[in-house]
Amino acid sequence: MFIKTKISVGIRGSVEQYNNVKVLLKAIDEQFETSANALASTLIMKFSSMRLTSVRGVPEHIMKMRDLAAQLKILDVEMSETFLVHYILNILPAQYGPFKISYNAHKDKRSINELMAMCVQEKGRLLMETGKSAFMTTQGKKTNQANKKWKGKAPLKTDIKKESKCRFCREKGHIRQDCDKFQQ
C-alpha cells in the first residue's frame with residue numbers, strides 16, 4: 001500500500017493489486033519495457049531541439065545536454081564526448097562567436113567538463129562587459145524619489161478642465177477614473 005501511494009496516479013491505475021512487493025515491481029517493469037524505444041526517441045528529439053539564446057543560462061544548458069546524453073547512453077544510444085562538445089559549441093549564442101573561434105583554433109581535444117569551465121569563464125567575461133550597463137538600465141539611478149510614498153502611482157491631476165471628455169461615456173467634465181458608469 002505504501003509503495004502504491006508513492007507511484008504516480010497514471011501508473012497506479014494500470015497496475016493490478018498485488019500483495020508481494022517483488023511481483024508488483026516486476027509488473028511495473030514489464031509494463032514499461034516496450035517504452036524504452038519511445039523514451040529514446042523523445043530524448044533525442046529533446047536533445048536536438050534544445051536552443052539557447054541568452055548568455056546567462058549557458059552552464060545550465062550544458063548540464064542539461066550532458067544529462068540527456070547520459071540518459072541516452074543508458075538506453076544504448078551512445079554519443080561520443082567529442083560529438084557532444086562540438087554540438088554544444090555550435091548551439092552557443094552569437095555572443096560566444098570569438099570564444100568558438102578561439103576554441104576551434106586549439107588543436108587539443110577537450111572534455112565536456114573543460115568546455116563547461118571555459119564557458120563559465122566566458123559567461124563571466126561577457127556579463128562583466130555588458131552587465132554594468134544592463135544593470136543600470138534595469139535598476140535605474142537611485143534618487144530621493146525612492147523615499148516618496150506614492151508607491152508607483154502617478155500624482156493626481158487636480159486641475160481637470162471642464163472641457164476634458166471621459167473616454168468611457170464620452171461626457172464632458174470628468175475623466176474615466178471618476179465616471180460613475182465606468183465604476184459600475
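Computation of the quantities below employed the complete heavy-atom set of this structure, encompassing side-chain atoms and omitting hydrogens, waters and symmetry-equivalent molecules. FYI, the numbering just counts along the sequence from 1.
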Any residue meeting side-chain contact (heavy atoms from CB on, under 4.5 Å) with Leu75, in chain and number order, not counting sequence neighbours: Ala36, Leu39, Ala40, Leu43
Atom pair CE (Met45) and OG (Ser41), whose distance is rounded to the nearest 0.5 Å: 9.0 Å
Give me the atom names and distance for the closest heavy-atom approach of Leu84 to Met65. CD1-O, 4.4 Å
Looking at every non-hydrogen atom in both residues, tell me the closest pair between Glu81 and Ile112 and how far apart they are. OE2-N, 2.8 Å
With sequence neighbours excluded, what pairs up with Asp67 under the side-chain contact (heavy atoms from CB on, under 4.5 Å) test? none
Would you say Met50 and Leu115 are hydrophobically clustered, going by side-chain heavy atoms of ILVMFWY under 4.5 Å? yes
Go through the steps for Cys119 and Ile62 under the test side-chain contact (heavy atoms from CB on, under 4.5 Å), then give the verdict. CA-CA 9 Å; Cys119 284; Ile62 292 173; 3.7 Å; yes
With sequence neighbours excluded, give me every side-chain hydrogen bond (donor to acceptor under 3.5 Å, both in side chains) pair touching residues 117-128. Glu122-Arg125, Arg125-Glu129
Excluding sequence neighbours, so at least two apart, what forms salt bridge (Lys or Arg N to Asp or Glu O under 4.0 Å) with Arg176? none
Is it the case that the side chain of Ser48 and the backbone of Ile44 share a donor-acceptor pair, with hydrogens and angles ignored and the cut-off at 3.5 Å? yes
Taking the six-membered ring for Trp, are Tyr96 and Phe99 parallel (under 30°), tilted (30 to 60°) or perpendicular (over 60°)? perpendicular
Do Met118 and Leu126 share a hydrophobic cluster (ILVMFWY, side-chain heavy atoms under 4.5 Å, transitive)? yes
Listed by chain and number, what are the side-chain contact (heavy atoms from CB on, under 4.5 Å) partners of Lys181, not counting sequence neighbours? Phe168, Cys169, Glu171, Cys179
Go through the structure and list residues passing side-chain contact (heavy atoms from CB on, under 4.5 Å) with Val120, not counting sequence neighbours. Pro59
Pairs where residues 110-120 contributes a residue and the test salt bridge (charged side-chain N to carboxylate O under 4.0 Å, His left out) is met, not counting sequence neighbours: Asp108-Arg110
Would you indicate whether the side-chain heavy atoms of Ile88 and His61 approach each other to under 4.5 Å? no
Which residues pass the ring-ring contact (aromatic ring centres under 6.0 Å, His included) test with Phe83, sequence neighbours left out? Tyr87
Heavy atoms from other residues, nucleotides or ligands near NZ of Lys26 exceed 12 (cutoff 6.0 Å): no
Within the structure provided, determine whether Met79 and Phe47 are in side-chain contact (heavy-atom separation under 4.5 Å). yes
Using a 3.5 Å distance criterion without hydrogens, assess whether the side chain of Asp178 forms a donor-acceptor pair with backbone atoms of His174. no
Any heavy-atom pair between the side chains of Lys100 and Leu92 that's under 4.5 Å? yes
Check which hydrophobic residues are tied to Ile101 through side-chain heavy-atom contacts below 4.5 Å, counting indirect links as well, and list them. none
May I have the step-by-step check of side-chain contact (heavy atoms from CB on, under 4.5 Å) for Arg167 and Ile175, ending in yes or no? CA-CA 7 Å; Arg167 292 185 181 201; Ile175 58 173; over 6 Å; no
Please lay out, stage by stage, how Arg66 and Asn113 fare under the test side-chain contact (heavy atoms from CB on, under 4.5 Å). CA-CA 9 Å; Arg66 187 175 57 186; Asn113 293 331; 2.6 Å; yes
Met116 side, atom CE; Met63 side, atom CE - distance, nearest 0.5 Å: 5.0 Å
